[in-house]
Protein chains: 2
Amino acid sequence: MRALPPTTVARLPGYLRSLGGLASEGVTTTSSDQLAELVGASPAQLRKDLSYLGAGGRRGVGYEVDHLRRQIAQALGMAEERQVVIVGIGNLGHALATYSGFADRGFVLVGLFDTHRDLVGTTVGGHEVQHVDHLERVIEETEASIAVVATPGSAAQATTDRLVAAGITGILNFAPRTVRVPDGVDVREVDLGSELQILGFHARQRSVAPAPAPADGAPVAASPVAAAD
Amino acid sequence: MRALPPTTVARLPGYLRSLGGLASEGVTTTSSDQLAELVGASPAQLRKDLSYLGAGGRRGVGYEVDHLRRQIAQALGMAEERQVVIVGIGNLGHALATYSGFADRGFVLVGLFDTHRDLVGTTVGGHEVQHVDHLERVIEETEASIAVVATPGSAAQATTDRLVAAGITGILNFAPRTVRVPDGVDVREVDLGSELQILGFHARQRSVAPAPAPADGAPVAASPVAAAD
DNA sequence: CAATGTGAATTATTTCACAGCC
DNA sequence: GGCTGTGAAATAATTCACATTG
């Protein structure tokens, strides 16, 4: 019918996580109120999101936890295995390579790559680090479709170009640089520095503004906090 | 006069990064077209974002790079130093602790914490890892306002509660669990697993749908790709 | 004349509120 | 009676398009 709004897609993994928590506690049925509380969303938003999936909640009863999990998992493509490569095995790449969350989400790590002589040949998280020279060959052989870029910023765009040329269609970019990709390729940018700066913005607001709005009382009439000073 | 939309705030770090790139190439003046191309946004959006800041662009000319940088940096609170603590020095926490981007963005690392006996006392990125027992004291003494949570998911909420009680007002949460905070505290959730799953969703779309929409031709009439099957 | 700044139009997202079903 | 599903309303974000200005 209709495509899922991107905002909905972005919330599904969180729903799935909370449902997993419920399941492990033996809960078999839940409600939009309960689940919304767990994920920190509004019940209405949750119901709307789930309705896009055609998640068969029963009125007066709620949602069946297991069924909902399967449905979200399927929407997220977790039914099929996806091969993932990581390029750039520095501190962050190392941490990502040893991240335990790949397997249980249907992702299979099929290659680690770097250019540094002293890294190539070492084993990280059970995988041997290969030289990026072999990138294209490995991607072809393993049919990898997703890549994690954890290179220095200076290498991010060139790396991305090679990955795309080799057939990668989804890129998770941790390098502190926005990478450009052609249509049809999907990028998610994750940048620690940017996240900190966003927190910094709010921290500044707090220090410039008087009070951060009392829990739910008087609406702090028109505080003259301009963006710049 | 008006507050910046959150979406605008989230884009500012990227603008700042690209402006830094321009500056290091010796560029002194730029246009919304040029900058938009660099950051991957539309020129109109860029102009609107910058206009919120009161960024004094000159019509017919463009923006002065240095001035714009200062203005964005100030909006993001980079003028003041902010003290940051990291809780959870596993693989990821270790990588974050050695991340070089703190200093140049006005963030000062003032404490690393963990519970593991064999980690406490070791030095990571020039800082000694302390036991979380000392968390409250250090936050008070250093006046830290921002915390990075890189604990296992099971410890994330309890850690967050302690941080908030100790006065932290901004939290960057890498643990795979949504944490709840009271009003007035700011949280950014960053979860590798979720990001991968979002990429997984699009990968599935590609495999289920025929073609990923030709660059700009026939609009692929009503592809019957429902969310679930 | 080139490029910003910005109201107006458009599109997307969230919230409301209630009918419908269990 | 309780809780979902969903149109309709409200809000937010983006894009358009053009008057404005150096």
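Only heavy atoms go into these numbers, but all of them, side chains included; no hydrogens, no water, no symmetry mates.
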Under a 4.0 Å heavy-atom criterion, the protein footprint on nucleotides 9-19 of chain D, written with B, S and -, is ----SSBBB-B
Note to self: Between Q197(B) and R105(A) (side chain of the first, backbone of the second, donor and acceptor by atom type, cut-off under 3.5 Å), is there such a pair?
What the structure shows: no
In short, salt bridge (charged side-chain N to carboxylate O under 4.0 Å, His left out) pairs touching residues 39-63 of chain B with sequence neighbours left out are R11(B)-D49(B)
Per side chain to side chain contact (heavy atoms under 4.5 Å, CB included), I171(A) is matched among V87(A), V164(A), T159(A) by V164(A)
Exactly one of I72(B), L68(B), T8(B) clears side chain to side chain contact (heavy atoms under 4.5 Å, CB included) with Y15(B), and that residue is I72(B)
Whole Å only: how far is the [atom1] atom of [X] from the [atom2] atom of [N]?
X: L50(B); N: dT6(C); atom1: CG; atom2: P; result: 12 Å
X: D33(B); N: dG5(C); atom1: CG; atom2: P; result: 13 Å
X: H67(A); N: dT4(D); atom1: NE2; atom2: C1'; result: 15 Å
X: L46(A); N: dT14(C); atom1: CG; atom2: C1'; result: 13 Å
X: L53(A); N: dG5(D); atom1: CG; atom2: P; result: 11 Å
X: R58(A); N: dG20(C); atom1: CZ; atom2: C1'; result: 16 Å

The answer to which of G56(B) and V61(A) contacts DNA chain C further toward the 5' end, by nearest nucleotide, is G56(B)
**Request:** Would you mind classifying the nucleic acid contact of A10(B) as base, sugar-phosphate or nothing, using non-hydrogen atoms under 4.0 angstrom?
**Result:** nothing
Practice problem: Classify the nucleic acid contact of A41(B) as base, sugar-phosphate or nothing, counting any heavy atom under 4.0 Å across all strands shown. | Solution: nothing
Lys/Arg N to Asp/Glu carboxylate O, D191(B) vs R17(A), below 4.0 Å
yes
Exercise for review: Could you tell me whether E189(B) and R177(B) have a side-chain N and a carboxylate O separated by less than 4.0 Å?
Suggested key: no
- OP1 or OP2 of dA3(C) sitting under 4.0 Å from any side-chain N/O of S31(B)? no
